[in-house]
Amino acid sequence: MKLLHLVPESLGRPVAWRAPAPQPLRGAYRKNQALARIQRLARVPGTTGPESLAIGPDNSLYSGFHDGRIVRFDLRGNMLKTVCNTGGRPLGLRFHPDGDLLVCDTQRGLLRVTLSGKVTVLVDRIDGKRFGFPDDLDVTRDGRFVYFTDASSKWGYESDHFDHIEHGGHGRLLCHDLVDGKTRVLMRGLCFANGVALGPDEAYVLVAETGSYRVHRYWLKGERAGTHDIFIDNLPGFPDNIRFNGRDCFWLAIPAKRNPILDGLAPYPLLRFGLMQYARFLPLPVSHTAMVLGIDLEGKVVANLQDHGRRSYHFITQVLEANGHLYCSSLHQDTLARLPLSTLEPTHG
């Protein structure tokens with residue numbers, strides 16, 4: 001819209017688009033309370049927001065918090081020690097095969113952290129421009145390539161809601177070569193590029209496009225290498241981190257349901273511009289819904305776990321299958337949580 005080009009870009013320039021008709025919460029997405037059995041683990045004094053988690057070679061849990069700390073826990077969730085403070089905001093965590101922790105820090109870039117606490121910045125910019133919002137990552141088994149997302153080159157941490165409203169395609173999927181130090185862009189134009197997970201045999205990498213309710217598959221091997229397609233589309237909420245269980249299932253966190261107002265305003269940039277200005281002063285409502293989906297290798301939903309209400313462990317941002325449990329983290333909670341796999345029931349579409 002021409003009128004929007006008259007305002008400073010810093011105020012937002014929403015792009016018209018048409019949101020897909022939302023999926024009804026029935027069938028594969030039917031409402032349930034499977035996550036009501038979740039067990040909250042130990043709190044970390046003085047901070048909140050364990051957004052991501054990883055299990056290290058020492059069979060301990062690691063998670064990053066709002067105040068910059070990365071903390072080690074045992075598998076029962078007892079806090080053992082603070083590994084380091086990155087000096088930023090650690091989000092996605094993955095262990096490199098050599099035992100170091102790789103971290104997407106939204107303020108500092110892609111980091112390497114030793115378990116003794118040494119923090120090294122691997123890369124924080126491309127083509128001379130700093131990343132806007134390093135978010136999540138995965139690393140190849142040989143330890144050479146790190147696939148990671150810059151969620152938004154325009155809107156930084158704690159401004160992600162502006163990216164969703166604007167829908168301007170500021171997100172990217174990137175690859176960093178730990179041998180030669182080079183970084184390249186694999187995909188552009190994503191509306192908040194989020195969770196990353198390598199698939200079986202590292203033939204492809206999945207990337208969640210949060211603002212468009214879908215997950216892309218970028219092919220790394222075979223005849224389709226260098227191309228991408230849609231792995232799963234029209235999700236019932238905003239997809240976040242993805243983790244592969246190494247066998248047959250990708251666990252996808254859905255921190256919030258789709259918002260009918262945001263969907264309804266999708267074709268109307270001027271109205272969304274007004275919504276962006278409203279959001280500068282008053283928070284947008286977020287439903288207290290917990291949702292986790294298990295997706296098979298064909299992109300079909302095979303597990304649907306939910307809970308509802310303020311007492312639920314809501315706004316789940318990652319799920320990791322390990323040691324007979326699903327370990328969960330949440331940007332809006334003050335603890336990690338876990339759910340025994342033995343409590344899960346199959347999902348029927």
Side-chain angles (χ1 to χ4, degrees), residues 42-74 78-126 128-153 156-158 160 172-184 193-196 241 243 317-318 320 327 329-331 334 336:
R43 290 178 173 84
V44 175
T47 191
T48 60
E51 195 271 349
S52 178
L53 65 121
I55 293 184
D58 56 358
N59 213 30
S60 296
L61 290 169
Y62 292 79
S63 187
F65 289 81
H66 274 307
D67 65 356
R69 279 185 283 174
I70 294 177
V71 178
R72 177 187 169 208
F73 305 82
D74 65 23
N78 299 307
M79 179 180 172
L80 299 177
K81 63 176 290 188
T82 295
V83 176
C84 70
N85 191 312
T86 66
R89 190 0 173 158
L91 296 178
L93 306 178
R94 294 278 192 172
F95 272 92
H96 189 275
D98 68 7
D100 287 347
L101 188 60
L102 299 176
V103 181
C104 268
D105 188 297
T106 188
Q107 297 174 16
R108 299 199 61 202
L110 180 64
L111 312 180
R112 181 190 288 268
V113 177
T114 69
L115 297 191
S116 62
K118 180 183 178 183
V119 179
T120 303
V121 177
L122 295 173
V123 62
D124 63 359
R125 65 195 67 214
I126 187 169
K129 185 177 180 180
R130 289 181 64 90
F131 301 131
F133 199 136
D135 196 319
D136 194 35
L137 72 159
D138 202 354
V139 58
T140 53
R141 287 189 297 269
D142 64 7
R144 177 168 181 175
F145 296 106
V146 181
Y147 297 93
F148 69 105
T149 47
D150 186 19
S152 175
S153 60
Y157 183 62
E158 296 185 334
D160 55 293
R172 301 175 290 184
L173 173 67
L174 304 103
C175 177
H176 180 69
D177 188 331
L178 290 169
V179 174
D180 65 18
K182 294 181 180 179
T183 304
R184 56 194 174 99
N194 205 325
V196 179
N241 288 336
R243 293 297 182 267
T317 47
Q318 189 190 305
L320 180 65
Y327 287 92
S329 56
S330 167
L331 194 63
D334 56 4
L336 299 174

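No hydrogens, no waters, no symmetry mates; every other heavy atom, side chains included, goes into these values. Positions are given from 1 along the sequence.
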Checklist line | Backbone of Ser60 reached by a side-chain donor or acceptor of Arg72 within 3.5 Å | finding: no

Check: What is the distance from atom CG of Leu174 to atom CG of Leu110, rounded to the nearest 0.5 Å?
Finding: 10.0 Å

Note to self: Can you give me the closest heavy-atom contact between Asp98 and Asp100, atom names plus distance?
What the structure shows: OD1-N, 2.9 Å

Next item on the list: State whether the side chain of Ser152 and the backbone N or O of Phe133 hold a donor-acceptor pair below 3.5 Å, judged by distance alone.
Entry: no

Check: Between Tyr157 and His66, how do the two ring planes meet: parallel, tilted or perpendicular, split at 30° and 60°?
Finding: tilted

Note to self: If the threshold is 4.0 Å, N to carboxylate O, is there a salt bridge linking Asp177 and Arg144?
What the structure shows: yes

Checklist line | Pair Asp135-Glu51, side chain to side chain contact (heavy atoms under 4.5 Å, CB included): steps then yes or no | finding: CA-CA 10 Å; Asp135 196 319; Glu51 195 271 349; 4.3 Å; yes

Check: Once you round to the nearest 0.5 Å, how far does OH of Tyr62 lie from CD1 of Ile55?
Finding: 11.0 Å

Next item on the list: May I have the step-by-step check of side chain to side chain contact (heavy atoms under 4.5 Å, CB included) for Asp58 and Phe95, ending in yes or no?
Entry: CA-CA 11 Å; Asp58 56 358; Phe95 272 92; 5.5 Å; no

Notebook entry, point to check: Which atom pair, heavy atoms only, marks the closest approach of Pro90 to Phe65?
Noted result: CD-O, 3.7 Å

Next item on the list: Please lay out, stage by stage, how Arg112 and Leu102 fare under the test side chain to side chain contact (heavy atoms under 4.5 Å, CB included).
Entry: CA-CA 5 Å; Arg112 181 190 288 268; Leu102 299 176; 4.2 Å; yes

Checklist line | Donor-acceptor pair between Ser329 and Gln318 side chains, under 3.5 angstrom | finding: no

Margin query: Looking at every non-hydrogen atom in both residues, tell me the closest pair between Pro97 and Arg141 and how far apart they are.
Written below: CG-O, 3.3 Å

Margin query: Around atom CZ of Arg69, are there more than 12 heavy atoms from other residues, nucleotides or ligands closer than 6.0 Å?
Written below: yes

Note to self: Measuring from atom CZ of Arg184 to atom CD1 of Ile126, what distance do you get when rounded to the nearest 0.5 angstrom?
What the structure shows: 10.0 Å

Next item on the list: Indicate the atoms forming the closest heavy-atom contact of Asn241 with Thr317, along with that distance.
Entry: CB-O, 3.1 Å

Margin query: My understanding is that only one of Leu93, Val103, Val196, Val146 makes a side-chain contact (heavy atoms from CB on, under 4.5 Å) with Leu137; could you say which?
Written below: Val146

Note to self: Looking at every heavy atom in both Asp105 and Arg108, which two are closest together, and how far apart are they?
What the structure shows: OD1-N, 3.0 Å

Check: Does Ser52 offer a backbone N or O that forms a donor-acceptor pair with the side chain of Ser63 under 3.5 Å?
Finding: yes

Next item on the list: Can you measure from NE2 (His96) to CG (Leu101) and round to the nearest 0.5 angstrom?
Entry: 11.5 Å

Next item on the list: Of all the heavy-atom pairs spanning Arg130 and Asp124, show the shortest one and how long it is.
Entry: NH1-OD2, 2.9 Å

Checklist line | Distance in Å, Leu91 CG paired with Cys104 SG, rounded so as to fall on 0.5 Å steps | finding: 7.5 Å

Notebook entry, point to check: Are Lys129 and Asp150 close enough for a salt bridge, meaning some N to O gap below 4.0 Å?
Noted result: no

Next item on the list: Check whether the ring centres of Phe73 and Tyr327 lie less than 6.0 Å apart, and answer yes or no.
Entry: no

Margin query: Can you tell me how far apart CG (Leu173) and CG (Asn194) are? Round to the nearest 0.5 Å.
Written below: 12.0 Å

